[in-house]
Number of protein chains: 2
Amino acid sequence: MEEIDKAAPAGNVTADDVAAEAGVSRWTVNRAFKKDASISARSREKVMQAAERLGYVPDLRAASLASDRSHLVALLVDDFANPHKLVMLETLTRVLRRRGWDTLLVNTLGKEDAGSALLNASQRRVDAVILIGIQFDDEVLKTASHARRFKKLIIFARTSQSPDTISIAVDDVKAMEEIAGYVAGRGYRRPMFLAGPRTSSAHLKRKETFLAFWQARFGTVPACASVAAYDPALAAEVVTAKLGGLGRGELPDILVCENDALAIGAMDVIRHRLDWRVPEDIAVIGFDDIPAADGPNYRLSSYRQPVAEMAEYLVEVLESRDDRDFTRLFQGEIVTRESA
Amino acid sequence: MEEIDKAAPAGNVTADDVAAEAGVSRWTVNRAFKKDASISARSREKVMQAAERLGYVPDLRAASLASDRSHLVALLVDDFANPHKLVMLETLTRVLRRRGWDTLLVNTLGKEDAGSALLNASQRRVDAVILIGIQFDDEVLKTASHARRFKKLIIFARTSQSPDTISIAVDDVKAMEEIAGYVAGRGYRRPMFLAGPRTSSAHLKRKETFLAFWQARFGTVPACASVAAYDPALAAEVVTAKLGGLGRGELPDILVCENDALAIGAMDVIRHRLDWRVPEDIAVIGFDDIPAADGPNYRLSSYRQPVAEMAEYLVEVLESRDDRDFTRLFQGEIVTRESA
DNA sequence: AGATTTTTTGCTCCCGCGTGCAATTTATCT
DNA sequence: AGATAAATTGCACGCGGGAGCAAAAAATCT
């Protein structure tokens with residue numbers, strides 16, 4: 001057998017090494033690894049075998065540097081307390097990877113950290129930044145698009161008023177009107193809305209939509225409470241403070257929650273600390289349809305977003321070269337369970 | 001005011017642009033951005049101001065290419081159904097980022113996909129690959145270390161027998177002995193062990209440790225059941241099949257679960273489908289101490305791993321240059337709640 | 001077969017920054 | 001002040017590969 005000692009060249013096997021081994025030029029080597037490059041089947045085969053022998057893998061850093069396309073996106077996330085994030089992460093990374101995109105996961109540590117997180121992404125020259133968190137105020141977003149080292153700024157599962165920003169989300173207005181209609185249709189008349197944190201730009205219109213609907217329909221403004229983060233534990237505190245000590249008659253008949261993270265926190269205290277029954281004493285409805293919503297502890301009625309479909313669309317946005325506004329709103333559906 | 005039109009040079013602002021603007025050489029510019037570079041305060045200031053004016057951000061791709069250090073790690077994950085993953089993701093990305101490391105999140109789609117996921121990481125020339133999933137058999141691991149384009153292969157929260165591999169995890173043997181001691185001490189005598197999938201290399205020794213302990217102490221081998229993934233829904237199925245139809249006397253008195261994902265799935269069906277009480281009819285104990293374990297629905301006794309501490313150690317491993325074996329086992333603690 | 005068209009291959013010139021060393025400037029010492 | 005040491009700054013070369021065109025080879029046509 002031929003002993004190929006160069007089979008382990010110092011540190012890196014480069015395209016040049018493979019070229020020498022295969023008896024072609026370096027460029028043919030790189031062509032062999034490109035999807036629809038102009039190369040004969042014969043030389044591609046030769047190259048691939050040589051590459052296999054040497055253990056060559058193309059260097060995407062260099063490719064990205066030379067071509068100015070990294071096929072990398074940054075995913076900025078900040079509310080890890082929300083179980084729905086795990087679903088989104090799974091779906092996004094799966095769809096992105098299957099279509100040739102890599103994902104940089106950036107944990108946006110706090111409100112003041114948003115700028116630094118964006119900087120982080122910039123330095124890697126990602127092709128797009130995807131926001132699936134909440135703590136981005138207008139100022140940061142503006143700065144971001146200004147010093148845009150990334151071509152696209154996408155807000156996922158949330159809509160933004162900020163210019164130069166692409167929103168991919170469900171239509172909150174339609175969705176919440178559907179929910180409100182459902183609530184009214186089931187005969188609930190004294191709803192309370194449990195809202196999340198108010199961020200300026202990337203915003204959920206759920207609360208205002210619900211209030212507007214209710215006022216138009218019944219002429220009354222439902223009670224509201226607001227939680228500082230999409231965290232079940234925080235929601236539990238707020239609900240305890242709001243509903244604790246209330247008598248049966250003073251209780252809202254349904255709690256409409258901005259999302260499931262709040263809803264399950266609320267249900268936990270309603271049942272186990274305040275000792276009321278769901279849905280008999282007070283019903284609960286959420287948003288997102290997280291896995292736990294389907295479990296026997298909650299049986300939470302919720303609104304399911306087409307996350308996978310949204311992710312597929314996201315890839316299309318990434319891959320298109322033109323510069324129009326890609327914002328698009330999707331339609332989800334109510335999932336009815338026993339909680340409301 | 002001076003109108004600086006070059007403030008928006010075509011596409012990329014490079015160090016050369018900043019150099020011209022600041023009246024220094026390109027190398028001084030880059031030194032200004034390096035932590036402990038030899039540069040005078042005065043020129044650093046000049047450079048930084050010029051950079052600010054032009055909106056310059058160093059390009060980490062180029063830096064990585066030239067220096068052969070990317071300060072990037074790949075996180076390979078495959079079991080997103082386990083809520084504990086969200087905790088691990090949050091902790092790891094937070095700690096890594098605070099210490100200057102970026103994270104590539106790779107969703108390992110299936111068992112056959114592991115190799116491709118590794119390849120993916122290779123192409124980005126990450127400094128280390130971190131496995132926090134399960135579906136890596138010996139063959140893949142061996143291939144991985146063979147064609148190592150990354151310097152380190154780290155198994156996080158799990159131990160591996162594979163050579164050239166670094167494990168950072170709790171000491172499963174100690175932990176499970178502690179749990180077994182607790183179970184025995186509380187008077188349980190007919191435990192059943194609920195195990196997860198059996199992977200070859202990256203392995204949890206929890207089951208065998210528990211069985212060995214029990215046999216040594218009581219001379220009997222506890223019953224076992226095995227779930228194909230750390231997914232509450234799957235655990236629910238298995239437990240239903242195993243315990244369904246059993247009479248009160250035939251029931252195990254405690255279910256010892258390999259982790260909380262299995263435990264909560266089990267509790268759900270025990271209470272709501274099989275209609276037994278926890279802990280009166282059957283107790284449950286888990287592992288990982290996920291957030292839901294502390295909620296009122298479960299009140300699950302569990303074992304808490306020092307994830308943050310492990311993450312800090314991980315960074316130290318990443319930063320050290322030498323080549324010794326960094327495997328290290330940590331100690332956690334039992335968290336006692338009402339479920340057992 | 002000779003001329004033309006089409007496919008394949010090679011090549012020059014970057015992409016943006018790090019390394020290591022030499023040149024230059026500044027600080028310190030007697 | 002003059003000499004010597006220390007801190008700063010500048011520079012040639014390399015990291016691994018992409019774009020686009022020119023040269024070479026293969027295929028097609030009359």
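Chain A is the first sequence line, chain B the second, and so forth, proteins listed ahead of strands; every chain is numbered from 1.
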Contact class for A/Ser43 (heavy atom, under 4.0 Å): base, sugar-phosphate, or nothing? sugar-phosphate
Give a yes/no answer on whether the side chain of B/Lys34 brings an N or O atom under 4.0 Å of OP1 or OP2 in D/dT8. no
Closest of D/dT9, C/dG16, D/dG10 to the B/Thr28 side chain is D/dG10
Any base atoms under 4.0 Å from B/Ile39, or only sugar-phosphate, or nothing? Heavy atoms, all strands. sugar-phosphate
Just checking A/Arg26: base, sugar-phosphate only, or nothing, at a heavy-atom cut-off of under 4.0 Å? base
Note: B/Arg98-B/Glu312 ion pair, threshold 4.0 Å (strictly below): yes
Distance check: side-chain N/O of A/Asn12 vs OP1/OP2 of D/dG16, anything under 4.0 Å? yes
Here the distance between atom P of C/dG16 and atom CG of B/Leu60, to the nearest Å, is 14 Å
Base, sugar-phosphate, or nothing: which does B/Ser38 touch, judged by heavy atoms less than 4.0 Å apart? base
Should the side chain of A/Arg31 and the base of D/dG18 be counted as holding a donor-acceptor pair, with the cut-off at 3.5 Å? no
Most 5' of B/Arg44 and A/Ser67 on DNA chain D, judged by nearest nucleotide: B/Arg44
Which nucleotide wins on minimum distance to the side chain of A/Asn30, given the candidates C/dG16, D/dG18, D/dG10? D/dG18
Could you check how far CZ of B/Arg61 sits from C1' of C/dC14, rounded to whole Å? 13 Å
From CZ of A/Arg69 across to C1' of D/dA19 the rounded distance in Å is 14 Å
Salt-bridge present (B/Asp127, B/Lys152; N to O < 4.0 Å): no
base_contact_polar (C/dT8 base, A/Trp27 side chain, donor-acceptor, <3.5 Å): no
Flag yes if more than 12 heavy atoms outside B/Glu319 fall under 6.0 Å of its CD atom; otherwise flag no. yes
Within this structure, what is the CZ-to-C1' distance between A/Arg42 and C/dT9, rounded to whole angstrom? 12 Å
Residue-phosphate contact under 4.0 Å: B/Ser40 side-chain N/O, D/dT9 OP1/OP2: yes
When the distance from CG of B/Leu65 to C1' of C/dC14 is rounded to whole Å, what number comes out? 13 Å
Looking at A/Asp59 and B/Arg125, is any side-chain nitrogen of the basic one under 4.0 Å from a carboxylate oxygen of the acidic one? yes
Can you measure B/Phe33 atom CZ to C/dG16 atom P for me and round it to whole angstrom units? 15 Å
Separation of atom CG in B/Asp59 from atom C1' in D/dG16, rounded to whole Å: 14 Å
Separation of D/dG18 atom P from A/Lys35 atom NZ, nearest Å, is 15 Å
With a 4.0 Å cut-off, would you call B/Glu90 and A/Lys85 a salt bridge? no
B/Thr14 side chain N/O closer than 4.0 Å to the phosphate oxygens (OP1, OP2) of C/dC17? yes
B/Phe330/B/Tyr313 aromatic ring centres below 6.0 Å: yes
